[in-house]
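Note that the structure is a prediction, hence the values are computed from the model and not measured.
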Amino acid sequence: MDNKELQRAVNPVYLTAKGTLGLLKKAEDPDAVALLPLIGFDADLQEKAKVLPAPIGLCYKTAQLARYEIYNTAAIRSSAPNIVDLPSGYSPRGFRVSSAGKRYFGFDLPVVIEDMAPAAEKVMTPEQRRLSIYHAVDATNYQSMKDALGDVKGELCIVTEGLLGYFNEPELVSLCQAVHRLLSEYGGCWITADTSILRIYVLTFSTLLKGDDLAFLNRIQGKATELADVKMNQNSLFLNGEEGAIRFLEDQGFTVTAEPVTNYLPDVSGVNDELRNAYRQMNILTMRVASPKTEKKAAPELAFAVDSSVTDGKLVMKVQGRVDTLTATDLLKAFQEASPETDSIELDLENVPYISSAGLRVLLIMRKSVKDQSHFKVFHVQPEVEKILKMTGFDKLLL
């Protein structure tokens with residue numbers, strides 16, 4: 001597998017971002033029109049877009065454009081001079097933010113940044129390029145984002161659009177901890193409408209097509225789950241309503257302000273008065289640090305590495321460091337290079353302090369490669385990783 005194939009195997013969620021850019025192009029956003037030819041559009045996504053009936057395509061386009069503009073307005077109106085787009089996807093938000101005179105940090109998976117950074121370089125003006133940085137990060141890893149921010153000064157406005165519904169509970173908690181730590185250092189806020197933004201499609205469909213909300217929700221959520229190969233909205237931000245989401249965020253050390261998304265919705269093509277009124281049901285949340293937490297002095301992180309050996313058809317892999325969106329592809333590559341065919345696999349995780357859903361996906365790929373899956377063994381699991389396995393249900397398969 002090449003690098004993109006590896007990334008798609010361990011974290012296919014990035015494909016949803018290409019669909020987003022395609023919809024913005026259909027909505028004739030000039031930045032999206034300029035970007036899409038440089039990004040490329042997967043053949044399977046193109047085929048799916050072609051078969052959409054015109055009224056359905058119009059609903060998707062209208063909802064996506066409204067969502068995009070809500071987040072753009074919220075970011076630019078914030079008092080922070082630095083906008084952190086997490087994840088940036090293939091969104092042209094950097095063009096808008098830098099045109100408003102703010103610094104833009106586009107953070108995402110390596111496979112996205114590898115495409116997006118050179119494409120933006122070609123299309124942006126010199127002033128936009130001066131204010132824009134694209135960098136591969138892991139959203140659950142404070143140090144990853146801290147390093148990517150470099151010598152930035154001033155408050156941050158961290159924007160999460162379309163990310164939080166794909167996280168399992170441990171990933172969500174890790175993200176909250178990382179964001180809390182960054183805002184404690186730099187000041188500023190975290191904004192998201194993820195807790196309700198899926199409804200923008202449902203409300204657009206039900207208002208314009210006069211259909212059933214639940215039917216549209218099941219269709220849209222099913223399509224996103226199919227493309228990303230991840231069950232959506234299975235964490236504390238989504239399972240207990242908005243009140244439950246706010247309680248969770250407060251427990252993570254934030255103060256939370258909820259406002260209707262229409263406070264940030266400019267005039268958008270296709271959004272009539274009836275649709276704008278329907279959107280008032282949705283809120284955008286703004287989080288600020290309630291009180292800085294006393295951070296425990298963390299032990300120095302081990303650099304990611306894999307030591308592999310094969311004896312009599314048994315592959316033994318000793319892994320060290322975090323297994324997350326930045327390193328899961330390296331683990332999969334090491335596995336593929338170690339031995340194409342093995343009778344059994346033993347994975348030593350003694351020096352692995354954290355594993356994300358991308359890492360868990362790699363473990364499943366490795367387990368499925370063994371004919372007798374009882375011959376796939378994971379041992380020396382640290383308590384924090386064991387907790388993640390239990391919370392995600394992977395302990396039943398791997399321990």
Visitor: Show your reasoning for whether side chain to side chain contact (heavy atoms under 4.5 Å, CB included) applies to Val159 and Val84.
Guide: CA-CA 6 Å; Val159 178; Val84 177; over 6 Å; no
Visitor: Determine yes or no for a side-chain-to-main-chain donor-acceptor pair under 3.5 angstrom, with Asp194 supplying the side chain and Leu163 the backbone.
Guide: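 Here the side-chain-to-backbone pair exists.
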Visitor: For Ala75 versus Cys157, what's the shortest heavy-atom pair and its separation?
Guide: CA-SG, 4.3 Å
Visitor: Not counting sequence neighbours, list each pair that qualifies as a ring-ring contact (aromatic ring centres under 6.0 Å, His included) and has a residue in residues 98-148.
Guide: Tyr104-Tyr134
Visitor: Could you walk me through whether Lys318 and Asp307 satisfy the salt bridge (Lys or Arg N to Asp or Glu O under 4.0 Å) test, starting with their C-alpha distance in whole Å, then the side-chain angles of each, then the deciding distance to 0.1 Å, before giving a yes or no?
Guide: CA-CA 5 Å; Lys318 187 174 179 63; Asp307 182 27; over 6 Å; no
Visitor: Please determine whether the number of non-hydrogen atoms from other residues, nucleotides or ligands lying under 6.0 Å from atom CG of Asp267 exceeds 12.
Guide: no
Visitor: Please determine whether side chain to side chain donor-acceptor pair (under 3.5 Å) holds for the pair Gln128 and Ser99, giving the CA-CA distance in whole Å, both sets of side-chain angles, and the decisive distance to 0.1 Å.
Guide: CA-CA 6 Å; Gln128 287 173 326; Ser99 293; 2.8 Å; yes
Visitor: Within the side chain of Asp108, is there an N or O that forms a donor-acceptor pair under 3.5 Å with the backbone of Gly89?
Guide: yes
Visitor: Checking side-chain polar atoms at under 3.5 Å, does Tyr264 have a donor or acceptor matched by the opposite partner on Glu259?
Guide: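 Per modelled atom types, Tyr264 and Glu259 side chains form a pair under 3.5 Å.
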Visitor: Could you tell me whether the side chains of Ser174 and Thr140 share a donor-acceptor contact shorter than 3.5 Å?
Guide: no
Visitor: Passes side chain to side chain contact (heavy atoms under 4.5 Å, CB included), Val378 versus Leu349? Steps please.
Guide: CA-CA 7 Å; Val378 177; Leu349 302 184; 3.4 Å; yes
Visitor: Can you say whether the rings of Tyr60 and Tyr201 are parallel (under 30°), tilted (30 to 60°) or perpendicular (over 60°)?
Guide: tilted
Visitor: Do the non-hydrogen side-chain atoms of Leu360 and Leu389 ever get within less than 4.5 Å of each other?
Guide: yes
Visitor: Per the side chain to side chain contact (heavy atoms under 4.5 Å, CB included) rule, which among Asp324, Leu363, Val381, Val319 passes with Ile355?
Guide: Leu363
Visitor: Are more than 12 heavy atoms from other residues, nucleotides or ligands located less than 6.0 Å from atom NZ of Lys102?
Guide: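 Buried by this count: over 12 neighbours within 6.0 Å.
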Visitor: Just by distance, do the side chain of Thr160 and the backbone of Thr192 share a donor-acceptor pair under 3.5 Å?
Guide: no
Visitor: Given the rule that I, L, V, M, F, W and Y join up when any side-chain heavy atoms are under 4.5 Å apart, are Leu315 and Leu364 in one cluster?
Guide: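 Yes; Leu364 is reachable from Leu315 via cluster members.
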Visitor: Please name the pair of heavy atoms, one in Arg322 and one in Asp138, separated by the smallest distance, quoted to 0.1 Å.
Guide: NH2-OD2, 3.2 Å
Visitor: Going through the checks in order, is the salt bridge (Lys or Arg N to Asp or Glu O under 4.0 Å) test met by Arg93 and Glu69?
Guide: CA-CA 9 Å; Arg93 179 164 294 118; Glu69 296 295 0; over 6 Å; no
Visitor: Quick one: does Ser369's side chain have a donor or acceptor within less than 3.5 Å of a partner on Met366's backbone?
Guide: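 Yes, because the side chain of Ser369 sits within donor-acceptor range (under 3.5 Å) of the backbone of Met366.
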Visitor: If only atom types and distance count, is the side chain of Thr327 paired as donor or acceptor with the main-chain N or O of Asp330 below 3.5 Å?
Guide: no
Visitor: Answer yes or no: is there a donor N or O on one side and an acceptor on the other, between the side chain of Arg103 and the main chain of Leu131, under 3.5 Å?
Guide: no
Visitor: Does any part of the side chain of Asp343, heavy atoms only, come nearer than 4.5 Å to the side chain of Lys314, both counted from C-beta?
Guide: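 A side-chain contact under 4.5 Å is absent here.
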Visitor: Is the CD atom of Glu28 crowded by more than 12 outside heavy atoms at less than 6.0 Å?
Guide: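 Incorrect, the count does not exceed 12.
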Visitor: Under 3.5 Å, is there a donor-acceptor pair linking the side chains of Glu242 and Ser196?
Guide: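 Side-chain D/A pair, Glu242 to Ser196: absent.
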Visitor: Do Ser98 and Glu127 get their side chains close enough for a donor-acceptor pair, meaning under 3.5 Å?
Guide: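 Result is no, nothing qualifies.
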